[in-house]
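Before any comments, here is the structure.
Residue numbering restarts at 1 for every chain, and letters A, B, ... go by the order of the sequence lines. In this text, all values refer to a predicted model and were calculated from it rather than measured experimentally. Values below: every heavy atom of this structure, side chains too, minus hydrogens, waters and symmetry copies.
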Amino acid sequence: MPSSPPPEYPSRTPMTSPARARSPRGDFAARLLAWYDRHHRHLPWRIPPRAMAAGERPDPYQIWLSEIMLQQTTVAAVKPYFETFVRRWPTVEALAAAESDEIMKAWAGLGYYSRARNLKRCAETVAAADGGRFPETMAALRELPGIGDYTSAAIAAIAFDEPAAVVDGNVERVVTRLEAIERPVREAKQDIRGIVQTLVPPSRPGDFAQAMMDLGATICTPRRPACAICPVSDDCKARLNGDPERFPLKPPRAERPQRLGAAFVAERADGAILLRKRPTKGLLGGMSEVPTSGWSARIDGDDRVDAAPFDARWRPAGSVQHVFTHFALTLSVYHARHDGSAPPDWWWAPRADIHSEALPTVMKKVIEAAIPGAIRKPTRNGASR
DNA sequence: GAACCGTGGCT
DNA sequence: TAGCCAAGGTT
């Protein structure tokens with residue numbers, strides 16, 4: 001435990017003086033930030049506290065990009081995508097000028113594809129605005145597509161030092177445990193935001209936000225939290241009560257219905273595969289796919305070969321299972337050699353380019369089932385792995 | 001306000 | 001293994 005807070009965070013008089021509290025709430029931010037200074041995660045988009053103290057500031061473009069990618073997505077999954085995007089589109093102007101198709105291709109596999117469509121729209125808006133600079137306040141950021149309560153607060157705090165209350169899933173968990181909040185998080189959201197707002201320090205609000213999230217990700221974890229090494233455990237009512245893992249309270253999730261369908265992989269003599277584009281809105285909106293039947297909500301869905309988009313020697317090639325957020329899908333896969341012409345707006349994707357098409361993971365599974373090895377990424381020497 | 005919207009890792 | 005969970009937003 002740090003014996004003295006940094007000079008920029010003088011201890012304040014505790015708001016209350018509970019007899020047992022060893023750590024008055026006025027110290028909360030100081031103790032959390034002292035922990036963050038020593039134990040922060042090293043992330044590609046983050047400026048570490050030492051560099052922040054030297055006056056360095058993060059690139060608002062990179063903070064925005066990382067925050068969009070991190071929505072409901074793990075840090076590990078985001079890292080390689082973030083590196084690719086920043087290398088390929090180093091500025092918001094570059095991203096705004098990119099073809100939508102190229103952005104969808106680069107986003108393929110990361111999920112929640114409306115994020116990629118909104119990313120492009122947001123980049124265009126920002127690039128067209130005065131100087132191509134991001135708005136610097138939470139309120140103004142909140143107006144941009146794909147940016148809601150959490151993301152606007154996070155960008156404002158991290159990139160622009162606004163003392164905004166940043167509340168994500170990590171912070172909800174930390175706060176519901178600190179206060180032993182017995183109501184479902186859905187209902188307690190506003191209270192949580194209010195509590196966080198009282199804790200945000202006037203300086204280093206961005207580090208504070210990131211510290212809360214790092215704490216949630218590494219110490220105050222959903223299961224088996226490491227209370228013994230938590231820098232704010234003295235403040236934690238859930239720990240005092242003995243069962244922090246019980247928080248946050250969440251209602252049981254609804255059952256996932258099962259859907260059924262068929263997918264058709266047409267392969268040309270040269271190995272090219274027939275693809276088409278899905279509608280812009282809805283599930284996998286704007287992404288590419290092989291032709292499929294509808295995905296019936298009924299267990300006796302249209303998974304038979306007579307659902308094929310055209311006549312060919314379709315041969316069964318197994319089935320693919322995939323779990324989406326709100327339903328599970330089983331696709332019967334069919335494969336055919338086919339050299340006929342493609343319907344308008346469909347295209348033959350050369351085998352060498354398949355890995356870079358805007359194919360969602362479920363479609364990569366389908367193609368792999370029909371043609372094992374088809375998705376492999378070429379290596380630098382031109383061979384296939 | 002509730003439903004919709006992906007994917008991969010972990011237990 | 002089957003469910004839970006992850007730096008949520010839009011409709």
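Counting any heavy atom pair closer than 4.0 Å across all strands shown, A:Thr151 reaches sugar-phosphate atoms only and no base atom. Counting any heavy atom pair closer than 4.0 Å across all strands shown, A:Val323 reaches a base atom. When heavy atoms are screened at a 4.0 angstrom cut-off, A:Ile155 is found touching no nucleic acid atom at all. Looking at heavy-atom distances under 4.0 Å, A:Thr361 makes contact with sugar-phosphate atoms alone, never a base. A:Arg173 comes within contact range of the sugar-phosphate backbone alone, with a heavy-atom separation under 4.0 Å but no base atom that close.
Mapping A:Gly282 and A:Thr74 onto DNA chain B by nearest heavy atom places A:Gly282 at the nucleotide closer to the 5' end. Both A:Lys365 and A:Phe327 sit near DNA chain B, but only A:Phe327 has its closest nucleotide nearer the 5' end. Summary of the strand contacts: A:Pro252 and A:Thr325 both lie near DNA chain C, and taking for each the nucleotide with the nearest heavy atom, the more 5' one is attributed to A:Pro252. Each of A:Pro145 and A:Met213 was matched to the nucleotide of DNA chain C holding its nearest heavy atom; the match closer to the 5' end belongs to A:Met213.
To the nearest angstrom, C1' of C:dA6 lies 12 Å from CD of A:Gln71. Rounded to an integer number of Å, the gap from CG of A:Asp207 to C1' of C:dA7 is 15 Å. In this structure, A:Arg256 atom CZ and C:dC5 atom P are separated by 12 Å, rounded to whole Å. Taking atom CZ of A:Phe324 as the reference point, atom P of B:dG8 lies 11 Å away to the nearest angstrom. For A:Gln258 and C:dA2, the CD to P distance is 11 Å, given to the nearest whole Å. In this structure, CH2 of A:Trp295 is placed 12 Å from C1' of B:dC5, rounded to the nearest angstrom. For A:Arg41 and C:dA7, the CZ to C1' distance is 8 Å, given to the nearest whole Å. Rounded to an integer number of Å, the gap from A:Leu249 CG to C:dC5 P is 12 Å.
Checking B:dG6, C:dA7, C:dT10 against every side-chain atom of A:Arg142, the shortest atom distance belongs to C:dT10.
Judged as a ring pair (Phe, Tyr, Trp, His ring centres under 6.0 Å), the pairs with a partner in residues 245-281 of chain A (not counting sequence neighbours) are, in order, A:Phe264-A:Trp314, A:Phe264-A:Tyr334.
In summary, A:Arg193 and A:Glu172 do not engage in a salt bridge, as defined by a charged side-chain N under 4.0 Å from a carboxylate O. Looking at A:Asp37 and A:Arg204, a side-chain N of the basic residue comes within less than 4.0 Å of a carboxylate O on the acidic one, giving a salt bridge. Between A:Arg183 and A:Asp191, at least one side-chain nitrogen of the basic residue sits less than 4.0 Å from a carboxylate oxygen of the acidic one, meeting the salt-bridge criterion. A:Asp101 and A:Lys277 are joined by a salt bridge, as a carboxylate oxygen and a charged side-chain nitrogen come within less than 4.0 angstrom of each other.
A sub-4.0 Å separation between OP1 or OP2 of B:dC5 and a side-chain N or O of A:His326 is present. Of the side-chain N and O atoms in A:Gln72, one or more sit less than 4.0 angstrom from OP1 or OP2 of C:dG8. Within the 4.0 Å cut-off from OP1 or OP2 of B:dT7, at least one side-chain nitrogen or oxygen of A:His322 is found. At the phosphate of C:dC4, OP1 or OP2 sits under 4.0 Å from a side-chain N or O atom of A:Arg253.
Side-chain contact annotation: A:Thr330 with A:Gln321, donor-acceptor N/O pair under 3.5 Å present.
The gap from the P atom of B:dC4 to that of C:dA7 amounts to 25 Å, rounded to the nearest Å.
Contacts of residues 101-120 of chain A with DNA chain B (heavy atom under 4.0 Å): A:Gly109, A:Leu110, A:Gly111, A:Tyr112, A:Tyr113.
Taking CD1 of A:Ile273 as the reference point, atom CE of A:Met363 lies at 12.5 Å (rounded to 0.5 Å).
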Taking only distance into account, with no hydrogens and no angle test, what donor-acceptor pairs under 3.5 Å do side-chain atoms of residues 42-56 of chain A form with protein atoms, sequence neighbours excluded?
from    : atom 1 : to       : atom 2 : distance (Å)
A:Arg46 : NE     : A:Tyr36  : OH     : 3.3
A:Arg46 : NE     : A:Gln210 : OE1    : 2.9
A:Arg46 : NH1    : A:Arg41  : O      : 2.9
A:Arg46 : NH1    : A:Asp214 : OD2    : 2.7
A:Arg46 : NH2    : A:Asp214 : OD1    : 3.0

